[in-house]
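Notes follow the structure.
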Amino acid sequence: MIRLATTLLFIFSLILCNSLQGQINNDSTQVVATEIPKNLTDTSKYSELAQKSPLGAILRSLAIPGWGQIYVQQYWKAPIFFAGAVVMYYYVFKHNKDYLDYSQQYDRLKEINPNSIELYYLKIRKENSRDNRDISIFFLCGVYALSILDAYVDANLFNFNVNESLSVRVTNHNWGIAFTFQIRR
């Protein structure tokens, strides 16, 4: 049942991303023509002016964790989120299978011998498997949430200038704290 639900969620996410692809591309990568110099022949300068859509990053990370990081060109983060999701999916399915197996064994033994001590141990194993499955689902949601949040922040900060010409200095005065911003040319 969980496998069917996750498959349907995955397919729905892909369909949603593909249907919004035209809208995302229209909003995310267009640059106002006045911002691009007329003598621009180097494509690396154009990529600095391009912007990434936070909505596009969110939808991609929602479909596949790590895809949003690839979209915002943070390639080293993508395998981390993807591997985290794959590992959590594995544990969700493993613990769900164990839960179903222990439930069937518990039900069969309950019909045969309802006063057996083995019934108690099967019930504990069944509950542990269910709890582990639920914890794995919680961590899977956490991986998705972190992937979405990271892609959103990276898309918003895609064009943020981090060169050496900007400096911040914090000074402490008797009456408070002062921030000094300096731009060197």
Side-chain angles (χ1 to χ4, degrees), residues 1-30 47 50-111 116-162:
M1 187 64 168
I2 290 178
R3 189 175 293 178
L4 176 65
T6 54
T7 305
L8 290 176
L9 178 65
F10 179 73
I11 291 170
F12 175 74
S13 300
L14 287 178
I15 291 171
L16 180 67
C17 287
N18 286 336
S19 67
L20 294 176
Q21 183 90 20
Q23 296 173 2
I24 293 170
N25 286 340
N26 289 339
D27 294 338
S28 65
T29 57
Q30 276 189 350
S47 66
Q51 293 183 354
K52 299 293 183 177
S53 169
L55 177 63
I58 287 172
L59 291 176
R60 285 173 174 86
S61 288
L62 184 62
I64 301 171
W67 188 16
Q69 283 70 26
I70 292 172
Y71 172 68
V72 295
Q73 299 174 359
Q74 296 289 322
Y75 302 111
W76 66 275
K77 294 179 185 178
I80 296 169
F81 287 113
F82 184 74
V86 167
V87 167
M88 287 298 105
Y89 271 118
Y90 168 76
Y91 281 116
V92 166
F93 290 129
K94 178 188 176 299
H95 292 306
N96 188 52
K97 181 185 174 295
D98 292 345
Y99 171 72
L100 294 175
D101 290 343
Y102 288 134
S103 294
Q104 288 175 355
Q105 291 175 12
Y106 179 80
D107 291 341
R108 276 190 246 133
L109 188 60
K110 191 174 182 180
E111 291 174 2
S116 173
I117 190 72
E118 295 167 357
L119 192 65
Y120 173 74
Y121 291 120
L122 280 175
K123 182 178 179 183
I124 289 175
R125 288 181 181 168
K126 178 178 86 165
E127 290 174 355
N128 284 340
S129 296
R130 184 193 62 218
D131 292 343
N132 288 336
R133 179 200 61 195
D134 295 345
I135 290 170
S136 298
I137 290 171
F138 176 75
F139 281 124
L140 177 65
C141 292
V143 168
Y144 267 95
L146 284 176
S147 174
I148 290 168
L149 181 66
D150 182 68
Y152 175 77
V153 169
D154 286 342
N156 277 319
L157 297 177
F158 185 72
N159 287 333
F160 189 73
N161 188 4
V162 289

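Computed over heavy atoms, backbone and side chain alike; hydrogens, waters and symmetry mates excluded. Worth saying up front: this structure is predicted, and the values here are computed from it rather than measured.
Although no hydrogens or angles enter the test, the distance criterion places a donor-acceptor pair under 3.5 Å between the side chain of S103 and the main chain of Y99. At least one donor-acceptor pair under 3.5 Å links the side chain of R60 to the backbone N or O of G56.
Residues Y106 and R125 form no side-chain contact, since every pair of their non-hydrogen atoms from C-beta on lies 4.5 Å or further apart. Inter-residue side-chain proximity for Y91 and M88 is flagged as met; some heavy-atom pair is nearer than 4.5 Å. Side-chain contact between Y71 and S61 is absent, with no heavy atoms from C-beta onward closer than 4.5 Å.
Scanning for side-chain contact (heavy atoms from CB on, under 4.5 Å) contacts around F82 gives I64, V86, with sequence neighbours left out. Residues that satisfy the salt bridge (charged side-chain N to carboxylate O under 4.0 Å, His left out) test with K94, not counting sequence neighbours, are D98. Scored by the side-chain contact (heavy atoms from CB on, under 4.5 Å) test, I80 finds W76 as partners (sequence neighbours excluded). Residues that satisfy the side-chain contact (heavy atoms from CB on, under 4.5 Å) test with N132, not counting sequence neighbours, are H95. The salt bridge (charged side-chain N to carboxylate O under 4.0 Å, His left out) test applied to K126 returns no partner, not counting sequence neighbours. For Y152, the side-chain contact (heavy atoms from CB on, under 4.5 Å) partners are P54, I58, N156, not counting sequence neighbours. Applying the salt bridge (charged side-chain N to carboxylate O under 4.0 Å, His left out) rule to D101 yields the partners K97; only residues at least two apart in sequence or on another chain are considered.
Legend: salt bridge (charged side-chain N to carboxylate O under 4.0 Å, His left out) pairs involving residues 142-156, not counting sequence neighbours, sorted by first then second residue: K77-D150, K77-D154.
Heavy-atom minimum distance, F158 versus Q51: CD2-CA, 4.3 Å. When all heavy atoms are compared, the tightest approach of L140 to A85 is CD1-O, 3.8 Å. Summarising the geometry of V72 relative to A151, their closest heavy-atom pair is CG1-O, 4.1 Å, with the distance given to 0.1 Å. Taking both residues in full, the closest heavy atoms of A63 and Y144 are given as O-OH, 4.0 Å, listed atom of the first, atom of the second, then distance.
To the nearest 0.5 angstrom, L59 atom CG is 8.0 Å from S53 atom OG. Separation of atoms CD (Q105) and CD (E118) is listed at 10.5 Å; rounding is to 0.5 Å. Of the inter-residue distances, the one linking Y121 atom OH with I124 atom CD1 reads 7.0 Å to the nearest 0.5 angstrom. Within the model, atoms CG of D107 and OH of Y102 stand 14.5 Å from one another, a figure rounded to the nearest 0.5 Å.
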Stepwise, does the side-chain contact (heavy atoms from CB on, under 4.5 Å) test hold for I135 with F139? CA-CA 6 Å; I135 290 170; F139 281 124; 3.4 Å; yes
